[in-house]
Amino acid sequence: MTTPTFRRPTPPSPTLSPRPHRPLNLTVVANRVPIRETDEGWETSVGGLTTALLPVLEEQGGTWVGMGENPGLPERQNYPADDPDFLVRRVPLSTDELDGYYYGMANQILWPLSHYLTQHLNLEDQFIETYRHVNERFAAAVLEETNGGKDEVIWLQDYHQMLSPGYIRAERPDATIGHFWHIPWPAMEVFRILPWSRELLRGMLGCDLIGFHVEEYVGNFIESAEVLLGADVEGNTIRYQGHETRVEAHPIGIDVERFKMMARDPSIEEKAEKFRERMGTENIVIGIDRLDYTKGIRSRMLAFEKFLEENPEYHGDVSFFQIATPSRTELESYQKIRQEVDEVVGRINGRFARSNWVPVNYRYRTYTQYELCAFYRAADAALITPLRDGMNVVTQEFVTATQDGVLILSELTGAAYLLPEALQVNPYDLRGLADSIRTALEMPTDEKKDRLRGLKQTIEELDVHNWADNFLTALGRQR
Ligand code: GDG
């Protein structure tokens, strides 16, 4: 078979620059603070956003504003206590506030809508009312922690903070405010389903710069502002009520060096080897996700079932290892997806398992990053098939850690726009998914190497330090 050639996408904009010195006074505003208390004391926490932003604050210091989920935690806390890198400022929330702002507006409205999964929408008025109030409280905390100095930069994160930029701008007309949106921005016709779409857009337009992972989301946002607010648009600049906002693509990356070092560690190699022995099959396919209905875990299982039905020669020769990290467990839709996945796993194993072979090894738990790295290293293929995903950084972690694995990637992720060398599939197409598993397992070594070379190159460029530097540099230009 001849090796395919790949059409490379246009490079992320703006073009990558060498890491500049950033004499900024940075305030990050995110839903969660990046630290948590464990038996061994305070630690940094797990998740896409923390993984991305922590290196930035560790490097240059600043303040991180986030919600206080539990009573009794200090409102202001230096971290680490003995030799602080940054200040954590909590906005303590009552149970009602947490329910309306986080479980309600963020998780039952903005999350499903942005992922085009409108069947999960729960449009309750109480949610937006609490969201307004909590965003006002976040804005008040930011105003308290900053003094309006010229060197100050405020960088808000994600769909939990759509109104805060407008509230901050009203008090500080000269502030430098950026926002990065980590999930997809849906098509204008989908966004306008929200009864408060215009109010939310006006809040976002309090920013000087708004970042998305890919140009497609940038286009959707600009169209939303133009059509729903009648804003003036010129290229990537939106003018609305006397203020200018730039909207740009800034695809996020991972801490490439850290992952490379971890992957090269001999103890990881040993762990990977032990894991392969435990699975006991020639081939291992992995999936690693938060247990979320957007991640396509159930469809992926159904596709694996189809693959087993149609390829009996692989019985006993391939294991599917799926980690589903518990997430948003308080919500009914998340309890439901957990049950549905449990049922499918039970059915597949009931149908196909033999005395020395379990086809689906499903783990509903959290692992350390070291353990994840060993799984990435051990796998022959990763099946990453969200129904929608803003970027998906598990993709980047797998590509960085693997030596000869094949990446099967949903074309409905931000990552897919940047990684043409992946085996791309439509996650709703179970037939295509099942076929892609076979294609991955039978891919010639030369083709695997060719594909990986391109994937690794792009992911090195996307590095999270570049992401932060490029965003902050672009924000600096707006001052
Ligand atoms: C949002 C957007 C966007 C998972 N399980 C464990 C664990 N993880 C880590 C992974 C990875 C991160 O969590 C998940 O990142 P994703 O990008 O896949 O997804 P979201 O959490 O939905 O993140 C997404 C991202 O923001 C960044 O902008 O890419 O599109 O939805 O780093 O490794 N980490 C550990 N144990 C686990 O069990 N330690």
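Keep in mind that this is a model prediction, so the values were computed, not measured. Both ligands and their constituent atoms are indexed starting at 1 by order of listing.
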Are any of the N/O atoms in Met391 less than 3.5 Å from those in ligand 1?
yes
For Asp380, is there an ion pair with Arg276 - N to carboxylate O distance below 4.0 angstrom?
yes
Kindly give the heavy-atom pair with the smallest separation between Phe138 and Ser164, and that separation in Å.
CB-OG, 4.0 Å
If you take the nearest heavy atom of each of Thr325, Val393, Ile252, which one is closest to atom 5 (N) of ligand 1?
Thr325
What about Trp111: any of its N or O atoms under 3.5 Å from an N or O on ligand 1?
no
Under the side chain to side chain contact (heavy atoms under 4.5 Å, CB included) criterion, do Tyr293 and Trp111 qualify, and how do the steps go?
CA-CA 11 Å; Tyr293 52 78; Trp111 177 265; 3.4 Å; yes
Looking at ligand 1, does any of its N/O atoms fall within less than 3.5 Å of an N/O of Ile323?
no
When the side chains of residues 265-272 are checked against the rest of the protein, which donor-acceptor pairs come out under 3.5 Å, sequence neighbours left out?
from: Asp265; atom 1: OD1; to: Ser267; atom 2: N; distance (Å): 2.9
from: Asp265; atom 1: OD1; to: Ser267; atom 2: OG; distance (Å): 2.9
from: Glu269; atom 1: OE1; to: Arg377; atom 2: NE; distance (Å): 3.0
from: Glu269; atom 1: OE1; to: Arg377; atom 2: NH2; distance (Å): 3.2

Test item, Lys295 contacting ligand 1 (heavy atom, 4.0 angstrom):
yes
Looking only at the side chains, is there a donor atom on one of Asn470 and Thr473 sitting less than 3.5 Å from an acceptor on the other?
no
Below 3.5 Å, N or O to N or O, backbone or side chain included: is there any such pair between Gly390 and ligand 1?
yes
Let me check something: any side-chain donor-acceptor pairs from residues 337-346 under 3.5 Å, sequence neighbours excluded? List them with distances.
from: Glu340; atom 1: OE2; to: Lys336; atom 2: NZ; distance (Å): 3.4

Test your reading of the structure: does Tyr367 have an N or O sitting under 3.5 Å from an N or O of ligand 1?
yes
Subset of ligand 1 atoms that lie under 4.0 Å from at least one heavy atom of Leu372:
6 (C), 7 (C), 33 (O), 34 (N), 35 (C), 36 (N), 37 (C)
Could you tell me whether Phe320 and Phe307 have their ring centroids closer than 6.0 angstrom?
no
Ignoring angles and geometry beyond distance, decide whether Thr368 reaches within less than 3.5 Å of ligand 1 through its nitrogen or oxygen atoms.
no
Considering only NZ, NE, NH1 and NH2 on the basic side and carboxylate oxygens on the acidic side, decide whether Arg132 and Glu199 come within less than 4.0 Å.
yes
Test your reading of the structure: does His115 have an N or O sitting under 3.5 Å from an N or O of ligand 1?
no
Short list, please: which atoms of ligand 1 are under 4.0 Å from a heavy atom of Glu397?
10 (C), 11 (C), 32 (O), 33 (O)
Arg290 to ligand 1: N or O pair under 3.5 Å?
yes
Ligand-side contact atoms (ligand 1) for residue partner Thr366, heavy atom cut-off under 4.0 Å:
36 (N), 37 (C), 38 (O)
Proximal ligand 1 atoms for Asp389, defined as those under 4.0 Å from one of its heavy atoms:
2 (C), 24 (C), 30 (O), 31 (O)
Polar side-chain atom of Asp158 near backbone of His160 as donor-acceptor pair, under 3.5 Å
no
